[in-house]
Amino acid sequence: MTTVSVEDLARACKSVGDLLAKVRPEQWKEPTPCTEWNVREVVAHLVGMDLVFAAMIEGGPMPERGVDRLGDDPVGAYRSSSASLLAAFSGPGVLERSYRGPLGSATGAERLQIRLYDLLAHGWDLAQATGIPAQLPEDLAEQALAFTQAQLSTQSRTGRFAEPRPVEETAPAIDRLAAFLGRPVPPQCETD
């Protein structure tokens, strides 16, 4: 399986940030394919998880739960948390070391993969909710799909992901990733 780099994670962070920069004020409360969250709440999750992963990697205190980290600038909060995440993963030896988390130990490289698939899946959610075309890196979506398929073959989905949904085999990798993680993917329209 191909491993992803910090530069790959940076590309994914940037693509989601670019999408968020186009969200109109009235769209922040729109529902998303993550039925328990609206657009703003998905972004709050992304920001919170960026900070959790940075704290885990750096050995710092975990961020306080239930705090509004977005304030009046959700895009700025996202970009700031992405910068913290990327800085944490860029440290010497980070990808080789092992880190404990709620689901057990994993290397920094595996933690990076986990952060990447969550980011891409939620980027897809945000694109679906807002109708803003996402420029999510297809090569990274393909790698994230392979990683999640391998990871979830040995772990329970309960409380984390719905069962995989049907999707066309020829669908873009990002759609196949979303479907594998339990999102309903609209059928592709053929254009002439």
Show your reasoning for whether side chain to side chain contact (heavy atoms under 4.5 Å, CB included) applies to Val94 and Val6.
CA-CA 10 Å; Val94 163; Val6 176; over 6 Å; no

Show, in sequence, the C-alpha distance, side-chain angles and deciding distance for Leu95 and Leu112, and conclude whether the side chain to side chain contact (heavy atoms under 4.5 Å, CB included) test is met.
CA-CA 8 Å; Leu95 299 182; Leu112 190 145; 3.9 Å; yes

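Note on Phe53: it clusters hydrophobically with Met62, by side-chain heavy-atom contacts below 4.5 Å among ILVMFWY residues.
The ring pair (Phe, Tyr, Trp, His ring centres under 6.0 Å) check on Trp37 picks up His45, His122, with sequence neighbours excluded. For Thr35, there are no side chain to side chain contact (heavy atoms under 4.5 Å, CB included) partners, not counting sequence neighbours. In this structure, the side-chain hydrogen bond (donor to acceptor under 3.5 Å, both in side chains) partners of Glu26, at least two apart in sequence or on a different chain, are Arg24. Partners of Glu41 under the salt bridge (charged side-chain N to carboxylate O under 4.0 Å, His left out) rule, at least two apart in sequence or in another chain, do not exist in this structure. The side chain to side chain contact (heavy atoms under 4.5 Å, CB included) check on Ala12 picks up Leu116, Leu119, Leu120, Leu140, with sequence neighbours excluded. For the side chain to side chain contact (heavy atoms under 4.5 Å, CB included) test, residues two or more places apart in sequence or in another chain that qualify with Ala10 are Leu86. Qualifying side chain to side chain contact (heavy atoms under 4.5 Å, CB included) partners for Ser80, counting only residues two or more places apart in sequence or in other chains: none.
Legend: salt bridge (charged side-chain N to carboxylate O under 4.0 Å, His left out) pairs involving residues 134-145, not counting sequence neighbours, sorted by first then second residue: Arg11-Asp139, Glu142-Arg176. Sequence neighbours left out, the pairs with a member in residues 46-63 that pass salt bridge (charged side-chain N to carboxylate O under 4.0 Å, His left out) are Asp50-Arg115. Sequence neighbours left out, not one pair with a member in residues 67-106 passes ring pair (Phe, Tyr, Trp, His ring centres under 6.0 Å). Legend: salt bridge (charged side-chain N to carboxylate O under 4.0 Å, His left out) pairs involving residues 67-91, not counting sequence neighbours, sorted by first then second residue: Asp18-Arg79, Arg40-Asp68. Applying the salt bridge (charged side-chain N to carboxylate O under 4.0 Å, His left out) test to every pair with at least one member in residues 93-102, sequence neighbours left out, gives no pairs at all.
Side-chain contact check for Arg183 versus Leu181: some heavy-atom pair is nearer than 4.5 Å. Residues Val75 and Leu70 are not in side-chain contact: their nearest non-hydrogen atoms beyond the backbone lie 4.5 Å or more apart. Trp28 is not listed as a side-chain neighbour of Asn38, based on a closest heavy-atom distance of 4.5 Å or more. The closest side-chain heavy-atom distance from Leu9 to Val4 is not below 4.5 Å.
In this structure a side-chain-to-backbone donor-acceptor pair under 3.5 Å is missing from Gln128 to Asp125. Listed for the Glu30 side chain is no donor-acceptor partner under 3.5 Å among the backbone atoms of Thr130.
Scanning both residues, Pro31 and Ala129, for their nearest heavy atoms gives O-CB, 3.2 Å. The shortest non-hydrogen separation linking Gln151 to Tyr117 is OE1-OH, 3.0 Å. Among all heavy-atom pairs drawn from Gly123 and Val16, the shortest one is CA-CG2, 4.0 Å. In plain terms, the two heavy atoms of Pro63 and Gly48 that are nearest each other are CG-O, 4.4 Å. Contact record, Pro186 with Trp124: CD-CZ2, 4.3 Å, taken as the closest heavy-atom pair. Across every non-hydrogen atom of Val43 and Pro74, the tightest pair is CG1-O, 4.1 Å.
Summarising the geometry, atom CG belonging to Leu85 is positioned 10.5 Å from atom CE belonging to Met56; distances are rounded to the nearest 0.5 Å. Put simply, CG on Leu126 and CD1 on Ile132 are 8.5 Å apart, with the number rounded to the nearest 0.5 Å. The structure places CG of Leu136 at 12.0 Å from NZ of Lys14, a figure rounded to the nearest 0.5 Å. Rounding to the nearest 0.5 Å gives a distance of 6.0 Å between CZ of Phe147 and CD of Glu110.
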